[in-house]
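Here is the structure we will look at.
Every value quoted in this text rests on a predicted model; they were computed, and no experiment measured them. First the proteins, then the strands, lettered A, B, ... as listed; each starts at 1.
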Number of protein chains: 2
Amino acid sequence: MNNPTKQQAITTTDKIFEQMQSAIVEGDIPAGSKISEPELSKKYQVSRSTLREALNRLEKCHLIERKANVGSRVVECTIQGLLEIYIVREALEGMACRQAAQNMTDDEIQQMKAILEQHAQAKDLQDGVAYYQEEGDLDFHYKVILGSHNNELINILCGQLYHLVRMYRCQFGMNSPRATRAFDEHSRIIEAIADRDGELAEMLMRRHIAASRKNIENKIALKQQKEQA
Amino acid sequence: MNNPTKQQAITTTDKIFEQMQSAIVEGDIPAGSKISEPELSKKYQVSRSTLREALNRLEKCHLIERKANVGSRVVECTIQGLLEIYIVREALEGMACRQAAQNMTDDEIQQMKAILEQHAQAKDLQDGVAYYQEEGDLDFHYKVILGSHNNELINILCGQLYHLVRMYRCQFGMNSPRATRAFDEHSRIIEAIADRDGELAEMLMRRHIAASRKNIENKIALKQQKEQA
DNA sequence: CAAAATAAAATTGTCGACACTTTTCAATAA
DNA sequence: TTATTGAAAAGTGTCGACAATTTTATTTTG
């Protein structure tokens, strides 16, 4: 797994955290399920202290929720929750894009263009479509966020929301027919960044994310119509 | 202290967390200083486990930073850090304002208007000016954020960034001459929300926050000019 | 039989101790 | 003197056990 936010695991807590993170993202530990500290500390062969430390980190990236004297639950994957994240991403990644247009070095911009070239080639291959949608899309957004050179933005988007987004993608199976259109949108965003046009870059990124959101909203609406019929 | 994000403290960890939070925000535990677990666990008369749990929560709201096998430090209050937070706030509170215009109930809007009336009266009293700038301003922004009815936005802004903002206000002594202008800006924002004009509401909130940021940037620029002279 | 009160079990919160890593500092060598 | 090495001290990471709370099961009561 190509996880760009992964720092080298040092302590055992790091390892448990990563294992549980993947398990939750991929649904092996089901969304909404209760977390039993004794059970999991036995399963992963660590003490409860170590496990609790890992739980704290999972809470930091919004993958679990804790209540005092009651315990932890994995977050639910609800439509409302997904839409709420899109709203936050629209605001933050839009701003990150504006900052990127202002702060990215020429080298960084060149690298982004190279990545997009790579995606373009993968896109032509039929079996590359899936790749582009999954890792490729996240990769693009990730690079833009880093390009903002704003540590607070980077921390929130890459450190906290990133895995929650991945979780929704995994569990809702987001293989939308937006692949080629998304690619074009990415191209225009990079152009705006290269032109150092922050205002346009932000607008394009916001529309790009809002389009994904509306795509989902439409899907839901259709689904509900079918259910009524 | 009127802290709107404070949940009722249940465990001893809760209490230590709140104490340390205030101590850091107000500078009693200095910005940038190293945190010694043995020292603080003795000072607060709790075990290291409990202290570490509190440290985890402080890390969640960006008040301290940890490195594996090395320890924790209180965040530094740098100009760059302050400006970075303003960027994030501009994006998130702007969006929160748009959502508030869309999602607030009529009752909530009435309550906000009432609060502003209150601020207007306090503003007329000379000794009320300070109040308005400190608690009042935070209170207004807080209500708008809640009005978004977006849990993710609320969590990030009220749960995580709120105290960091307070820390900067405390330690940099933000008593800007923007009080009356800020009040007018607040009024217009509420009007836009009441009109259900999300686009305008977002724009006004972003300008409101950007104005504060530029005010600080100017201050810094002036300061640097003086230092050179 | 249903609801409330009570007892038992399970779970979370807190503690002190030990293991391992990092830092400090003194001794040695260039 | 400065740089390197190595030992001692301090600090963080991890563990198992006990205390406090919540949940479950059982008994009692209307």
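- As judged by a 4.0 angstrom heavy-atom cut-off over every strand, Leu55(A) is placed among residues making no nucleic acid contact.
- Here the side chain of Asn103(A) pairs a donor or acceptor atom with the backbone of Ser148(A) at under 3.5 angstrom.
- The salt bridge (charged side-chain N to carboxylate O under 4.0 Å, His left out) analysis of residues 63-86 of chain A, with sequence neighbours excluded, yields the pairs Arg66(A)-Glu53(B).
- When heavy atoms are screened at a 4.0 angstrom cut-off, Ile35(A) is found touching the sugar-phosphate backbone but no base atom.
- Along DNA chain D, read 5' to 3', the first and last nucleotides having any atom under 4.0 Å from a heavy atom of chain A are dG13(D) to dT23(D).
- Applying the side chain to side chain donor-acceptor pair (under 3.5 Å) test to pairs two or more places apart or on separate chains, those with a residue in residues 38-48 of chain A are Glu37(A)-Arg48(A), Ser47(A)-Thr50(A).
- The salt bridge (charged side-chain N to carboxylate O under 4.0 Å, His left out) pairs that include a residue from residues 94-108 of chain A are Arg98(A)-Glu202(A), Asp106(A)-Arg196(A), where partners are two or more places apart or lie in different chains.
- Distances shown here put a side-chain N or O of Lys34(A) below 4.0 Å from the OP1 or OP2 atom of dT12(C).
- Within the structure, salt bridge (charged side-chain N to carboxylate O under 4.0 Å, His left out) contacts touching residues 142-164 of chain B (residues at least two apart or in different chains) are Asp139(B)-Lys143(B).
- Taking the centre of each ring, His141(A) and His186(A) come in below the 6.0 Å mark.
- Nucleotide dT14(C) holds its P atom 12 Å from the CD atom of Glu37(A), rounded to whole Å.
- Phe17(B) places its CZ atom 17 Å from the C1' atom of dG13(C), with the value rounded to the nearest Å.
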Take Glu227(A) and Lys223(A) through the test salt bridge (Lys or Arg N to Asp or Glu O under 4.0 Å) and record every step on the way to the result. CA-CA 6 Å; Glu227(A) 280 171 6; Lys223(A) 202 175 177 184; 5.3 Å; no
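- When the C1' atom of dT14(C) is taken as reference, atom CD of Glu53(A) falls 15 Å away, rounded to whole Å.
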Close N or O pairs between protein and nucleotides 17-23 of chain C (under 3.5 Å):
none

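- Within the 3.5 Å criterion, the main-chain N or O of Ile24(A) finds a donor-acceptor partner in the side chain of Gln171(A).
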